[in-house]
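Proteins come first, then strands; the chains are lettered A, B, ... in the order of their sequence lines, and each starts at number 1.
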Protein chains: 2
Amino acid sequence: MSTDDERPGLHTYQIVLRHIEAGILSGEHRVGDQLPTERDLAAELSVSRSAVREAMRVLQTQGLITSSTGPGRGTRIAPARGDALARLFQLHLSLSTAADADLTETRIALERSSAALAAQRADSEALQRLEELVEAMNDVEAIDDFNSLDTEMHVLIARISGAELTADLTVGLREAVRERIRASSKALPDWTAHRDQLIDEHRQIVAAITGRDPAAAANLVEHHIRRAYRTLGIAS
Amino acid sequence: MSTDDERPGLHTYQIVLRHIEAGILSGEHRVGDQLPTERDLAAELSVSRSAVREAMRVLQTQGLITSSTGPGRGTRIAPARGDALARLFQLHLSLSTAADADLTETRIALERSSAALAAQRADSEALQRLEELVEAMNDVEAIDDFNSLDTEMHVLIARISGAELTADLTVGLREAVRERIRASSKALPDWTAHRDQLIDEHRQIVAAITGRDPAAAANLVEHHIRRAYRTLGIAS
């Protein structure tokens, strides 16, 4: 028999966890609200202080609460942190049984949206950073360095789009395939040809964003991801 | 001064957590692998057993490990569970400072993709379930009941698409706005007119999926979400 843990029913830390989570989901706990002390929570829920502490560790790791020292110290509900979500998303993707084709479709859906929004919203400073990044790629030969700039480009477009949630998910997805892309790149018979094609594709995407053409930017990103994944053997 | 917790540096549970997470991200820990015992991990990392237990609580809540009793008992790396990811995603969205417009764009990106894939992949059984759900909506007047069927429709299309990751994210996003949609629906001057329009939009989406027209299905879903959110005052 396999259960979620060694005995049936909820662990006491889960009782605490569900109590706080229910407060967040119902809107009762809002960002900045102070939680009761460990002692008070333990008494209120009739659980041990170590159970409360275990639940707090979970919430803290998930980026949902923060503790602080100094005046007004205590445990508070935190504004959702994209990096905590992106990291958890990345861990899940690492253990995902989802097919590569599935991850590819999700990545394309999000990055099409980011590229189209970037074409509508990029200011002159953002456009300049995009140009600089394409030029930097042009100056780099080594796979690892190139791969870092490539990741940076996709994340930058997502950030420029102003759609923070899409950007956080894009970071998680892009980081999750980073090792795959790196290893497949190293196994390519002709890295230089692939690299030159990637630069050309990125240049076209940046041109569409600069030219304020959302539809072209979205289509070029989709074409780029599908073409690169096919070449690398990551998805058909 | 505000820090992540009451003293500088990592908590000991975080040392354990990062150790296991690094193993997952590097591919060293794969699904089904057994982790060392609490005692062995504590000795290996020179931390207390309670620190190890706290880290395990975090990993378990994130759906990354499971513990089991019986033969072969112990703590193992789990296949990524969509419900754990969807729940965490939903908690984050509840505390998100992201603008409504941001959430709307992410939802549209994901649901356009789901609808297009559903139009390519739905089998006859799936098409029948979609038809039945539209008919069920037609039989329901009460806002809460209608709202549940509406959520079910969007989740069903995502599941039919076969893109599990997109579906899990869709569930999180849809659940996160459920209360907003419910409250706004109740505040509408003419709920019946809005309801009839929703049914008509869903019927058109189902027709496009049945007609194997991915582009139409994607466009109809986007039009539907934007129109509904405008009517409900959730996004412009």
Which residue out of Ile24(A), Leu64(A), Leu91(A), Thr166(A) racks up the most heavy-atom pairs below 4.5 Å with chain B? Leu91(A)
Winner by heavy-atom pair count (cut-off under 4.5 Å) against chain A, out of Ser26(B), Ser114(B), Ser94(B): Ser94(B)
Would you call Arg226(B) and Glu105(B) a salt bridge, using N to O less than 4.0 angstrom? yes
With chain A as the partner, which of Ile77(B), Leu17(B), Leu88(B), Leu173(B) has the greatest number of non-hydrogen pairs under 4.5 Å? Leu88(B)
For His29(A) and His19(A), I'd like to know if the aromatic rings sit close, meaning centre-to-centre distance below 6.0 Å. no
Give a yes or no on whether a salt bridge exists between Arg76(A) and Asp33(A), defined as a side-chain N under 4.0 angstrom from a carboxylate O. no
Are Glu111(B) and Arg174(B) within salt-bridge range, i.e. N to O under 4.0 Å? no
Contact leader toward chain A among Ile108(B), Leu59(B), Thr61(B), where contacts are heavy-atom pairs under 4.5 Å: Thr61(B)
Applying a strict 4.5 Å limit to non-hydrogen atoms, the region of Ala55(A) in contact with chain B is neither
Run the salt-bridge test on Arg49(A) and Asp40(A) with the 4.0 Å N-O cut-off and return the result as yes or no. no
Among the options Ala116(A), Gly63(A), Ala109(A), pick out the one with the most heavy-atom pairs lying under 4.5 Å from chain B. Ala109(A)
Closer than 4.0 angstrom, basic N to acidic O: yes or no for Arg159(B) and Asp168(B)? yes
Among Arg53(A), Arg30(A), Arg112(A), who wins on heavy-atom pairs under 4.5 Å with chain B? Arg53(A)
